[in-house]
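Below is one structure, written out as structure tokens; comments come after it.
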Amino acid sequence: MTRPPSGCEITPSGTGRARSSPRRVLAQYMHPALASPDVLERLPGATFDGSAHIAADADLIVDGLLLEFKNTRRIHQFPLPMILQLLGYTLMDYSDRYRIDRVGVYMTRVGALIPWPIEDYLALLGACRRDLAELRAAFEKLLAIPDAGPTTTPLPDQLPAVDDLLAELTPVIPEGCCRVCAQPLTRPVISPTRPRLSCSPFCGRRAPSLRYHG
């Protein structure tokens with residue numbers, strides 16, 4: 001289980017037993033028009049360009065917010081599949097049809113809406129490149145590999161194509177930036193002859209793993 005990053009915003013829909021409906025929470029968070037009784041009926045589960053490769057549809061997309069409903073009360077714990085689900089759905093919108101700029105989870109058992117701006121979400125996941133067009137283009141090529149799937153391992157003859165995609169996404173990290181997360185270093189040198197390579201102990205520990213395992 002993964003704790004939600006500190007940058008997330010938790011918007012409770014109510015207290016005690018008198019919890020508001022998902023529609024009312026969305027109306028409070030986004031726009032009063034969402035309080036219309038039939039708005040959710042007019043917004044069915046959305047499919048994506050990438051649904052041709054992987055059967056997938058979102059619970060709700062409205063006004064740029066990609067939202068999944070989860071029947072849980074653990075607002076401070078997220079399983080990795082749920083985290084990657086939001087990312088995968090966002091990347092499957094190759095043509096930017098839905099103009100997704102936020103992702104979020106609505107916890108139905110406690111009435112909590114937890115949204116992230118997509119830029120913050122990618123940053124919290126450690127993405128060095130955060131251009132959605134680039135990420136979506138690479139993801140589309142990856143899913144287009146014959147017999148590719150969410151749980152399949154590339155065959156030996158498919159590995160060169162996968163390696164090429166990874167090379168396309170390899171970030172160009174300028175001097176004075178962390179070699180792991182690409183963020184600017186507040187103190188770029190440790191001494192006149194020793195540059196600082198990471199911005200935090202976490203990135204310092206992560207560097208060897210990325211170096212040897214990608």
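Treat the numbers as computed from the prediction; the structure is a model and nothing was measured. The first residue of the sequence shown is numbered 1, and numbering continues consecutively from there.
Between the CG atom of Asn71 and the OH atom of Tyr106 there is a distance of 11.5 Å, given to the nearest 0.5 Å. To the nearest 0.5 angstrom, Leu66 atom CG is 8.5 Å from Tyr89 atom OH. One finds the SG atom of Cys177 at 6.5 Å from the CG atom of Leu185 (value rounded to the nearest 0.5 Å). Once rounded to the nearest 0.5 Å, the distance linking CD of Glu119 with CG of Leu132 reads 8.0 Å. In this structure, the separation between CZ on Phe48 and CD1 on Ile61 is 4.0 Å, given to the nearest 0.5 Å. Separating the CE atom in Met82 from the CD atom in Glu68 is a distance of 9.5 Å, to the nearest 0.5 Å.
For Tyr121 (side chain) and Ile83 (main-chain N/O), a donor-acceptor pair under 3.5 Å exists by modelled atom type. Formation of a donor-acceptor pair under 3.5 Å by the Glu140 side chain with backbone atoms of Gly50 is not found in this model. Between the side chain of Arg136 and the backbone N or O of Thr90, at least one donor-acceptor pair lies under 3.5 Å. The main-chain N or O of Thr186 is never found under 3.5 Å from a side-chain atom of Arg196 such that the two would form a donor-acceptor pair. Counting only distance, with no hydrogens or angles, the side chain of Ser51 and the backbone of Ala56 share a donor-acceptor pair below 3.5 Å.
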With side-chain contact (heavy atoms from CB on, under 4.5 Å) as the test, would you mind laying out the steps for Asp49 and Asp93 before giving the verdict?
-> CA-CA 6 Å; Asp49 304 313; Asp93 185 21; 3.9 Å; yes

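Of all the heavy atoms in Leu86 and Val105, the pair that sits closest is CD1-CG2, 3.9 Å. What you find for Asp57 and Thr47 is that their closest heavy atoms are CB-CG2, 3.9 Å.
In the hydrophobic clustering of this structure, Phe69 groups with Val62; members are Ile, Leu, Val, Met, Phe, Trp, Tyr whose side-chain heavy atoms approach within less than 4.5 Å, directly or through other members. Following chains of ILVMFWY side-chain contacts shorter than 4.5 Å, one can reach Ile54 starting from Tyr98, so the two form part of one hydrophobic cluster.
Classified by interplanar angle (parallel below 30°, tilted 30° to 60°, perpendicular above 60°), the ring pair Tyr94/His53 is tilted.
Counting heavy atoms from C-beta on, the side chains of Leu122 and Leu87 come closer than 4.5 Å.
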